[in-house]
There are 2 protein chains.
Amino acid sequence: MSNYIINMETEHLIALVSAIRDKANRFIFEQLKARGIKDIAPAHGGVFFHLFRNSELTMGELARLIDRDKSTVTSLVEKLGGLGYIKRERDAVDRRVTKIRLTQKGRLLEADFEDISRRLLSKAYVGFSDKEMEVIVKLLTRVNNNF
Amino acid sequence: MSNYIINMETEHLIALVSAIRDKANRFIFEQLKARGIKDIAPAHGGVFFHLFRNSELTMGELARLIDRDKSTVTSLVEKLGGLGYIKRERDAVDRRVTKIRLTQKGRLLEADFEDISRRLLSKAYVGFSDKEMEVIVKLLTRVNNNF
DNA sequence: ATAATATAGTTGGACATCAAACTAATGTCA
DNA sequence: TGACATTAGTTTGATGTCCAACTATATTAT
């Protein structure tokens, strides 16, 4: 909830959005811990998410996809590499480029991530009709595109 | 967008929420910079927000209000104190307690914050009817309460 | 009243994050 | 071809954040 630069009305949008994000992160962290996965934080989710769908990504691609600075990606990749979840190798053609791939250990997390996602969604949408889910996503998409 | 521990559907809620929060933060930061306020970050907004409305708060109250760890509040208060925006004093009755107040310099920011809030809201809600604004806030409130 | 417990806040360590400065490799252009 | 510019990624330094351990003060229970 770091968005308190807001008046009464803004509080009902941006502060809500911030609070939900914080709570979702905490939920994900709890779920990971409950599965004995103690070395991964929500911030790493983006890296895994995109590597599950792309067998190979460069640092720059990853930075763009998770919308983080390239220096942030350097440190995330170092962390996850040190833990054995991903590996990096220099591109043979363009030697400036670093390619990132999941290791076997990394790929094993996919099922856990999917399950946690399902639980997160279930929790978030308690009491929602299909129509309401659709509406909230549509409205949030419009807010997102307004920036 | 640190919530990529998600499948296709979740992406449409939690990732959206994360993306919006990030963008709102960036917007606020830009607006602050544009006013020549370069030493304040979005994370400080919560402290100001609550101090505009409460002339005096303890560290613990602040921590609860902005939903951050008390040690985080220690460092935020140190930062803002060093910049001259707030001041702390020990409570005479219960000497464990620290009271936080805005300085004159801190109070001067209120108008800027209010203006930034208005602009942020205007931007977020471009194209929204009053009814849609009401709906999105209601639905988000329900999601928030589901956690 | 004294010992045990609880509470307020700080400290230390880890890490995510960004911006700015940097290095290394590639590309361009005269 | 050689100088300049661009691009990929790393390094450095600052800050926000949490947790766990700690200090100091206050409260409670025996």
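The structure presented is a predicted model; accordingly, all values stated were derived computationally and were not measured. Quick note on labels: first sequence line is chain A, next is B, and so on, each numbered from 1. Hydrogens, waters and symmetry mates are skipped; everything else that's a heavy atom, side chains included, is used.
Rounded to whole Å, atom P of D/dA8 lies 14 Å from atom CG of A/Leu57. Rounded to a whole Å, the CE atom of A/Met59 is 17 Å from the P atom of C/dA24. Whole-Å rounding puts the A/Lys33 NZ to D/dC18 P distance at 14 Å. Atom-to-atom, CG of A/Asp67 to C1' of C/dC18 comes out at 12 Å; the value is rounded to the nearest Å. The distance between atom CD of B/Glu61 and atom P of C/dG9, rounded to the nearest whole Å, is 8 Å. What separates CD1 of A/Ile40 from C1' of C/dA16 is a distance of 15 Å, to the nearest Å. In this structure, B/Asp22 atom CG and D/dG16 atom P are separated by 16 Å, rounded to whole Å. Distance NZ (B/Lys70) to P (D/dA24): 15 Å, rounded to an integer number of Å.
As judged by a 4.0 angstrom heavy-atom cut-off over every strand, B/Arg90 is placed among residues making no nucleic acid contact.
Taking the centre and axis of the six-membered ring of A/Phe128, the NZ or CZ atom of B/Arg142 falls inside the cone set by 45° and 6.0 Å.
The side chain of A/Arg68 places an N or O atom within less than 4.0 Å of a non-bridging phosphate oxygen (OP1 or OP2) of C/dC18. Not one side-chain nitrogen or oxygen of B/His44 sits closer than 4.0 Å to the OP1 or OP2 atom of D/dT15. Taking only side-chain nitrogens and oxygens, A/Thr72 comes nearer than 4.0 Å to OP1 or OP2 of C/dC18.
In terms of the side chain to side chain contact (heavy atoms under 4.5 Å, CB included) criterion, residue partners of B/Asn145 (sequence neighbours excluded) are, by chain and number, B/Thr141. Annotation: side chain to side chain contact (heavy atoms under 4.5 Å, CB included) contacts of A/Val135 (sequence neighbours excluded): A/Lys131, A/Leu139, B/Val135, B/Leu139. Listed by chain and number, the residues in a side chain to side chain contact (heavy atoms under 4.5 Å, CB included) with B/Met59 are B/Val73, B/Thr74, B/Val77, B/Arg88, B/Thr98, B/Ile100 (sequence neighbours excluded).
Of the residues in residues 91-99 of chain B, those lying under 4.0 Å from DNA chain D by heavy-atom distance are B/Val93, B/Asp94, B/Arg95, B/Arg96. Residues of residues 74-83 of chain A having a heavy atom closer than 4.0 Å to DNA chain C, listed by number: A/Ser75, A/Leu76, A/Lys79.
Taking CD of A/Glu110 as the start and CZ of A/Phe52 as the end, the distance is 5.0 Å to the nearest 0.5 Å. Atom CZ of B/Arg90 is separated from atom NZ of B/Lys99 by 12.0 Å, given to the nearest 0.5 angstrom.
Classification of B/Asp67 and A/Lys23 as a salt-bridged pair fails, no side-chain N sitting under 4.0 Å from a carboxylate O.
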May I have the list of side-chain donor-acceptor pairs in residues 78-86 of chain B shorter than 3.5 Å, sequence neighbours left out?
| residue | atom | partner | partner atom | Å |
| --- | --- | --- | --- | --- |
| B/Tyr85 | OH | B/Asp39 | OD1 | 2.9 |
| B/Tyr85 | OH | B/Asp39 | OD2 | 3.2 |

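Between the side chain of B/Asn25 and the backbone N or O of B/Pro42 there is no donor-acceptor pair closer than 3.5 Å.
Remark on DNA chain D: of its neighbouring residues A/Phe29 and A/Thr58, the 5'-side contact belongs to A/Thr58, judged by nearest-heavy-atom nucleotide.
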